[in-house]
Amino acid sequence: MQSLGLMLHDAARLLKADFERRARGYGLTLLQWRVLRQLAFSETGLRQTEIARRVESSPMTVSDVLDRLEGFGLVQREVDPDDSRAKRARITAKAEALLHEVKGIVAEAYDQALAGIDPAEREVLERCLQQIVANLETTDEDGKEDER
């Protein structure tokens, strides 16, 4: 039997591949989707460094993603009112419409991934994964418990 770590990795890899296959017609990668979703949750927009932290990517990679999304008319950048040297990115109305459409393919991907698992088992799975994340988020880079 495979280890839990390998199964989690395989599940995440396959979910990513399935999403990207389904979203190909929209021209979206998973990282672009994740950036757009983060921006959708922010009324005031986000700085590139904040987006990078939230999607666990480098600021340079996020810059490239924002350039591409801006080129598609899905993101606009504006000067940060708190720091004129920085810019905030926010989604456009075009992106909001796209997000609404793509949510449907995300739901389809999850439905396929969770097929054959009854709702009660799904709830247990979600709680267990949340606990794994919580357990690992409280550990710092040296493997020591954070003093939060």
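In this text, all values refer to a predicted model and were calculated from it rather than measured experimentally.
- Gln130 CD to Asn135 CG: the interatomic distance, rounded to the nearest 0.5 Å, is 11.5 Å.
- The side-chain heavy atoms of Asp64 and Arg68, taken from C-beta on, include no pair separated by under 4.5 Å.
- In this structure the side chain of Leu98 reaches within 4.5 angstrom of the side chain of Leu28, judged on heavy atoms.
- Side-chain contact check for Tyr110 versus Leu15: some heavy-atom pair is nearer than 4.5 Å.
- Between Leu31 atom CG and Glu56 atom CD the span is 11.0 Å, to the nearest 0.5 Å.
- Under a hydrophobic-cluster definition in which Ile, Leu, Val, Met, Phe, Trp and Tyr are linked whenever side-chain heavy atoms come within less than 4.5 Å, directly or via other members, Leu4 and Leu125 are assigned to the same cluster.
- Evaluated for a side-chain hydrogen bond (donor to acceptor under 3.5 Å, both in side chains) with Glu50, the options Arg53, Gln48, Arg47 yield exactly one hit, Arg53.
- A salt bridge between Lys16 and Glu20 is present, with a side-chain N of the basic residue lying under 4.0 Å from a carboxylate O of the acidic one.
- Put simply, the side chain of Leu39 reaches to within 4.5 Å of the side chain of Leu66, judged on heavy atoms.
- Under the 4.5 Å side-chain heavy-atom criterion for grouping Ile, Leu, Val, Met, Phe, Trp and Tyr, Leu30 is not connected to Leu8 through any hydrophobic cluster.
- Not one N or O on the side chain of Ser57 forms a donor-acceptor pair closer than 3.5 Å with the backbone of Val62.
- Rounded to the nearest 0.5 Å, atoms NZ (Lys94) and CG (Leu69) are 10.5 Å apart.
- Not counting sequence neighbours, the partners of Val124 by the side chain to side chain contact (heavy atoms under 4.5 Å, CB included) test are Arg127, Cys128.
- Note that CG of Leu136 is 9.5 Å distant from CD of Gln131, once rounded to the nearest 0.5 Å.
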TODO: Tell me, with the steps shown, if Asp18 and Arg13 meet salt bridge (Lys or Arg N to Asp or Glu O under 4.0 Å).
DONE: CA-CA 9 Å; Asp18 187 57; Arg13 177 182 54 81; over 6 Å; no
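- Defined by atom type and a distance below 3.5 Å, a donor-acceptor pair is missing between the side-chain atoms of Gln32 and Arg37.
- The pair Arg88-Asp83 does not meet the salt-bridge criterion, since no charged nitrogen lies less than 4.0 angstrom from a carboxylate oxygen.
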- [ ] Tell me, with the steps shown, if Lys87 and Glu78 meet salt bridge (Lys or Arg N to Asp or Glu O under 4.0 Å).
- [x] CA-CA 5 Å; Lys87 291 194 175 192; Glu78 48 200 44; over 6 Å; no
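- Taking 4.5 Å as the limit, every side-chain heavy atom of Asp67 sits out of range of all side-chain heavy atoms of Phe72.
- Nearest heavy-atom pair across Ala89 and Ile51 is CB-CD1, 4.2 Å.
- Side-chain contact between Asp118 and Glu121 is present, with heavy atoms from C-beta onward closer than 4.5 Å.
- A heavy-atom distance below 4.5 Å is not found between the side chains of Ile91 and Leu74.
- For the pair Arg90 (side chain) and Arg77 (backbone), a donor-acceptor distance under 3.5 Å is absent.
- Put simply, the side chain of Gln38 does not reach to within 4.5 Å of the side chain of Trp33, judged on heavy atoms.
- A distance-only check finds no donor-acceptor pair linking the side chain of Arg22 to the backbone of Val106 [under 3.5 Å].
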